[in-house]
Amino acid sequence: MVATMAPMIVTVQQHILEEQKKRSDATGTFSWLLSGITLAAKMVEAKIRSAGLLDVLGSLGQENVQGETQQKLDVYANQALLHCLGMRDSVAALISEENEEPVVLDRDEKSGKYIIVFDPLDGSSNIDVNVNVGTIFSIFRRPDGNKDLNAAILQPGTEQVAAGYVVYGPSTVLVYTVGSGVYGFTLDHTIGAFVLSNPNMRMPDHGSYYSVNEANADSFPAEYQQYLARLRSGGMGRKYSSRYIGSLVADFHRTLLKGGIFLYPPTAKQPGGKLRLLYEANPLAFIAEQAGGMAIHGNGRVLDIQPTGIHQRTPFIVGSCAEVEELQRSFA
Ligand code: AHG
Ligand code: MN
Ligand code: MN
């Protein structure tokens with residue numbers, strides 16, 4: 001009698017190990033590190049799922065370094081990531097939206113090889129209304145022989161060795177890249193693991209949605225206003241529809257799957273843009289490019305920006321090549 005085999009599944013852990021085997025210098029450290037992120041993501045997801053039943057909704061009555069009201073879940077998600085990653089010997093420093101300064105861990109240069117940057121809970125103003133939120137992360141290598149950790153922390157996005165995000169939505173999805181394509185995994189609660197569901201994700205060359213907070217449109221620079229008018233009028237050869245969730249991860253995830261464009265331009269209130277370079281724009285720009293899309297800050301590539309501060313902001317435009325290139329031409 002032939003035994004029936006269960007269908008083959010690939011967990012994120014297996015996938016990372018396979019990716020690492022392709023590299024000659026792989027030691028397994030990197031997959032252990034990423035397992036810290038997936039563990040924290042599962043902790044956050046469990047808390048979010050039961051948020052309506054536990055006393056975890058609402059604000060804490062205090063502000064973070066950005067002057068934004070901290071939600072209880074912002075703090076929980078931050079602690080989960082700091083805890084799960086802080087235990088990994090390979091982590092030299094952790095940079096979080098919720099911490100004013102980098103959390104520097106006492107590691108020697110040999111073992112403390114990685115710097116991890118994250119937005120623990122993105123879109124947290126949506127949490128009380130049961131709308132998708134997420135976690136975004138980015139990983140840099142500490143350059144060999146590096147003594148000045150601050151210099152190692154402020155690397156441009158081109159130096160990222162991995163980036164990813166988790167969307168806590170109708171299902172919980174993790175998307176990541178190590179610079180050789182983009183892979184998506186869905187959390188299977190029956191086995192408690194992220195299972196490969198979207199191999200080799202590609203952003204469509206163009207799409208039918210644009211995503212922007214149009215309430216700010218009157219104060220966008222003229223190039224953006226004219227571009228949005230072209231999208232609305234059909235001047236770009238197709239009819240566009242608008243979608244804006246207000247959780248960057250969720251707006252990005254839709255753009256990755258369906259194509260189109262997401263924009264957070266400069267505004268009168270935020271002339272340098274609102275979104276944060278290190279833990280919002282860079283990781284998503286890396287994923288977008290790996291999936292065949294583009295990410296710009298106006299007239300240049302997001303990944304080329306040399307950061308000067310850990311919480312710096314940037315205008316952020318990301319999406320399919322057709323839509324992003326059309327906007328970029330206005331700045332030429
Ligand atoms: P966070 O919750 O991590 O502070 O991020 C909020 C961000 C982002 O998720 C979203 O794209 C943007 O804020 C929405 O801003 P507006 O409300 O100004 O449109
Ligand atoms: Mn955010
Ligand atoms: Mn956040």
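Counting convention: from 1, in listed order, for ligands and their atoms alike.
A distance below 6.0 Å separates the ring centres of Y165 and H253. For F331 and Y224, the distance between ring centers is under 6.0 angstrom. The distance between the ring centers of Y176 and F137 does not fall below 6.0 angstrom. Annotation: H297 is not in aromatic contact with F316 [ring centroid separation under 6.0 Å not met].
Here is the list of ligand 1 atoms found below 4.0 Å of a heavy atom in S124: 2 (O). Residue-ligand proximity, N213 to ligand 1, at heavy-atom distances under 4.0 Å covers atoms 16 (P), 18 (O), 19 (O). For ligand 1, the atoms lying closer than 4.0 Å to a non-hydrogen atom of S247 are 9 (O). Proximity to E280 (heavy-atom distance under 4.0 Å) selects the following atoms of ligand 1: 3 (O), 5 (O). Close approach to D119 involves these atoms of ligand 1, each under 4.0 Å from a residue heavy atom: 3 (O).
Within the 4.0 Å heavy-atom criterion, the part of R276 lying near ligand 1 is the side chain and not the backbone. Under 4.0 angstrom from ligand 1, the non-hydrogen atoms of L248 come from both its backbone and its side chain. With a heavy-atom cut-off of 4.0 Å, L121 touches ligand 1 through its backbone alone.
Note: an N/O pair closer than 3.5 Å links E97 and ligand 1 by distance alone. Of the polar atoms of G123, at least one N or O is found under 3.5 Å from an N or O of ligand 1, judged by distance alone.
Here the side chain of S96 pairs a donor or acceptor atom with the backbone of E98 at under 3.5 angstrom. Judged by distance alone, the side chain of D122 and the main-chain N or O of L248 form a donor-acceptor pair under 3.5 Å.
Transitive grouping of hydrophobic side chains (ILVMFWY, heavy atoms separated by less than 4.5 Å) brings L256 and V173 into a common cluster. In this structure, F118 is a member of the same hydrophobic cluster as Y76, with clusters built from ILVMFWY side-chain heavy atoms closer than 4.5 Å.
The closest protein non-hydrogen atom to atom 12 (C) of ligand 1 is K274 NZ, 3.8 Å. With hydrogens left out, the protein atom closest to atom 10 (C) of ligand 1 is G246 O, 3.3 Å, a heavy atom. Looking only at heavy atoms of the protein, atom 5 (O) of ligand 1 is closest to D122 OD1, 3.2 Å. Closest to atom 7 (C) of ligand 1 among all protein heavy atoms lies L275 CD2, 3.9 Å. Atom 18 (O) of ligand 1 has as its closest protein heavy atom Y264 OH, 2.6 Å. Y244 OH, 2.5 Å is the protein heavy atom nearest to atom 19 (O) of ligand 1.
Each of P221, P315, S219 was compared with T267 under the side chain to side chain contact (heavy atoms under 4.5 Å, CB included) criterion, and only S219 meets it. Among K42, K47, R49, the one residue that satisfies the side chain to side chain donor-acceptor pair (under 3.5 Å) test with E45 is R49.
Here D119 contributes OD1 and E97 contributes OE1, and at the Mn ion (ligand 3) these two atoms make an angle of 80°, given to 10°.
Take the N/O/S atoms of D122: the one nearest the Mn ion (ligand 2) is OD1. When you scan the N, O or S atoms of E280 for the one nearest the Mn ion (ligand 2), you land on OE2.
The Mn ion (ligand 3) has L121 among its coordinating residues (N/O/S atom, backbone or side chain, under 2.8 Å).
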Q: List the steps, then state whether side-chain contact (heavy atoms from CB on, under 4.5 Å) holds for R142 with Y114.
A: CA-CA 5 Å; R142 183 181 189 175; Y114 293 103; over 6 Å; no

Q) Going through the distances and angles, do R88 and S35 end up as a side-chain hydrogen bond (donor to acceptor under 3.5 Å, both in side chains)? A) CA-CA 10 Å; R88 275 30 182 187; S35 75; 2.7 Å; yes

